[in-house]
Amino acid sequence: MRYDLVIFDNDGVLVDSEPISHRILAAHLTELGHPTTYEESIRDYMGSAMHRIHDVVLERSGKRLPEEFDEEFHARVFAAFRTELEPVRGIGSVLDRLAAGGIPYCVGSSGSHERIRVALRTTGLFGRFEEERIFSAQDVGRGKPAPDLFLHAAERMGVAPERCAVVEDSPLGVAAARAAGMDAYGFTAMTPAARLGEATGLFAEMAELPALLAK
C-alpha cells in the first residue's frame with residue numbers, strides 16, 4: 001500500500017453507531033425544545049464533536065443546551081450500544097489486511113475517549129487497537145472540520161501527513177483530512193457520495209477499501 005498510516009474514524013466506519021446515535025440525538029434535542037428529525041441530525045451533526053452541537057443549537061435558537069446534556073446523551077447512547085451496536089460489516093477483514101501488510105492504523109474520532117472505548121469494547125474491536133493508537137477530539141483544541149485531530153494522530157504515530165490516508169463517512173471528517181494535507185476515502189454507506197465530494201476516493205462497501213488504498 002502507498003500509505004504509512006491509515007486513520008479510521010470510529011462512528012460509522014469501525015462501528016455501526018450512526019443510526020443509533022442520531023436516533024437518540026434527534027429525540028433528545030426534540031425533548032429539550034429543539035425539534036430535530038433523524039435526517040436533520042445526520043445532516044447537521046454527523047462527524048461533529050459535542051461542542052459543535054452546542055454551538056449550532058445556540059446559533060439557531062439563541063438558547064444554550066443544559067449543562068447535563070452531554071452526560072445524559074451519552075448515558076442514553078451507551079445503554080443502546082450495549083444491546084444494539086455491531087461492527088461495520090467487513091471492517092475486521094480490512095484491519096486484518098493492514099496488519100498482514102505491516103501498515104499501521106489508528107482511530108481519529110470526534111467522540112470522547114469514553115465513547116470510543118465503549119464502542120470498540122462492545123463490538124469486540126478494542127483488542128485491535130493499543131491505547132496509544134486511539135485519538136479523540138478531546139486531545140486537541142478544535143474538532144473536525146479543523147485538521148487538528150488528524151495532525152495530532154499523525155504526529156503521535158510518527159508519520160508525515162502526506163503519507164496518511166483517512167477513512168471517513170462525514171463531510172466534516174473529509175474536510176478535516178484534506179485540511180491536514182491527507183488523502184481522504186469517503187464511506188458512502190450512509191452519506192450520499194455528493195456530500196463527500198472532496199474525498200480522494202469513494203466506496204460503498206468495506207471490501208472495496210484495500211484496493212483504493214493500494215492504488
Side-chain angles (χ1 to χ4, degrees), residues 6-28 36-50 53 70 72-100 103 105-131 133-138 144 153 165-174 184-193 195-196 199 202-213:
V6 180
I7 305 173
F8 289 93
D9 179 36
N10 185 48
D11 294 294
V13 173
L14 295 176
V15 299
D16 195 15
S17 55
E18 299 287 19
I20 301 170
S21 297
H22 288 286
R23 183 189 75 219
I24 293 170
L25 179 58
H28 194 23
T36 306
T37 66
Y38 171 77
E39 291 77 15
E40 289 168 342
S41 180
I42 290 175
R43 181 195 68 198
D44 296 340
Y45 303 120
M46 189 169 174
S48 298
M50 290 301 294
I53 299 173
D70 291 15
E72 174 62 24
F73 171 64
H74 282 122
R76 297 183 187 190
V77 168
F78 295 165
F81 277 5
R82 293 185 184 98
T83 59
E84 301 178 47
L85 190 61
E86 299 286 344
V88 167
R89 185 176 63 182
I91 190 62
S93 295
V94 172
L95 298 179
D96 286 343
R97 289 277 297 275
L98 292 174
I103 307 299
Y105 59 83
C106 65
V107 182
S109 172
S110 292
S112 67
H113 276 287
E114 182 184 17
R115 179 186 174 113
I116 298 167
R117 284 160 175 76
V118 168
L120 293 179
R121 288 192 177 104
T122 301
T123 55
L125 294 175
F126 187 76
R128 295 175 178 267
F129 296 89
E130 294 88 7
E131 286 288 335
R133 290 197 287 153
I134 298 176
F135 304 100
S136 161
Q138 288 182 313
K144 306 169 189 177
V166 175
V167 184
E168 269 285 355
D169 69 332
S170 74
L172 292 176
V174 169
Y185 293 91
F187 186 36
T188 62
M190 280 192 63
T191 308
R195 297 197 66 209
L196 301 176
L202 300 171
F203 64 104
E205 299 286 344
M206 277 295 162
E208 303 169 36
L209 181 58
L212 287 175
L213 295 174

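Sequential numbering from 1 along the given sequence is applied to the chain's residues. In what follows, every heavy atom counts, from backbone to side chain, and hydrogens, waters and symmetry copies are set aside.
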Taking the side chain as every heavy atom from C-beta outward, state whether [X] and [Y] have any atom pair closer than 4.5 Å.
X	Y	result
Tyr45	Leu25	yes
Val88	Leu14	no
Asp9	Val167	no
His113	Phe135	no
Val15	Asn10	yes
Met46	His22	yes

Looking at every non-hydrogen atom in both residues, tell me the closest pair between [X] and [Y] and how far apart they are.
X	Y	result
Ala165	Tyr185	CB-CE1, 3.9 Å
Ile20	Ala80	CG2-CB, 3.6 Å
Leu125	Pro87	CD1-CB, 4.1 Å
Phe81	Thr122	O-CG2, 3.4 Å
Ile116	Ser109	CD1-CB, 3.7 Å
Val77	Ser21	CG1-OG, 4.2 Å

Does this structure show an ion pair linking [X] with [Y], if we count only N-O contacts that are shorter than 4.0 Å?
X	Y	result
Glu39	Arg43	no
Arg23	Glu18	no
Arg195	Asp169	no

To the closest 0.5 Å, what do you measure between [atom1] ([X]) and [atom2] ([Y])?
X	Y	atom1	atom2	value
Phe8	Arg128	CZ	CZ	10.5 Å
Leu213	Leu98	CG	CG	6.5 Å
Leu172	Ser48	CG	OG	5.0 Å

Donor-acceptor under 3.5 Å ([X] side chain, [Y] main chain):
X	Y	result
Arg89	Asp16	no
Arg97	Pro210	no
Ser110	Gly47	yes
Ser112	Arg115	yes
Ser136	Gly111	yes
Thr191	Thr188	no
Thr36	Ser41	no

TODO: Report the C-alpha distance between Leu95 and Phe129 in whole Å, list the side-chain angles of each, state the deciding distance to 0.1 Å, and finish with yes or no for side chain to side chain contact (heavy atoms under 4.5 Å, CB included).
DONE: CA-CA 10 Å; Leu95 298 179; Phe129 296 89; 4.2 Å; yes
Task: side chain to side chain contact (heavy atoms under 4.5 Å, CB included) evaluation trace for Ile7 with Glu168 - done: CA-CA 9 Å; Ile7 305 173; Glu168 269 285 355; over 6 Å; no
Task: Quiz item: cation-pi between Arg121 and Phe126, 6.0 Å / 45° - done: yes
- [ ] Find out whether the Lys NZ or Arg CZ of Arg133 is both under 6.0 angstrom from the six-membered ring centre of Tyr105 and within 45° of the ring's axis.
- [x] yes
Open item on the list: Before we go on, tell me: are the rings of Phe187 and Phe203 under 6.0 Å apart, centre to centre?
Closed with: yes
- [ ] Give the ring-plane orientation class for Phe73 versus His28, where under 30° counts as parallel, over 60° as perpendicular and anything between as tilted.
- [x] parallel
Task: Verdict with reasoning, Met206 to Leu209, per side chain to side chain contact (heavy atoms under 4.5 Å, CB included) - done: CA-CA 5 Å; Met206 277 295 162; Leu209 181 58; 4.2 Å; yes
TODO: Just jot down the salt bridge (charged side-chain N to carboxylate O under 4.0 Å, His left out) partners of Glu208, sequence neighbours excluded, or say none.
DONE: none
Open item on the list: Between Ile134 and Leu120, is the side chain to side chain contact (heavy atoms under 4.5 Å, CB included) condition met? List the steps.
Closed with: CA-CA 10 Å; Ile134 298 176; Leu120 293 179; 4.2 Å; yes
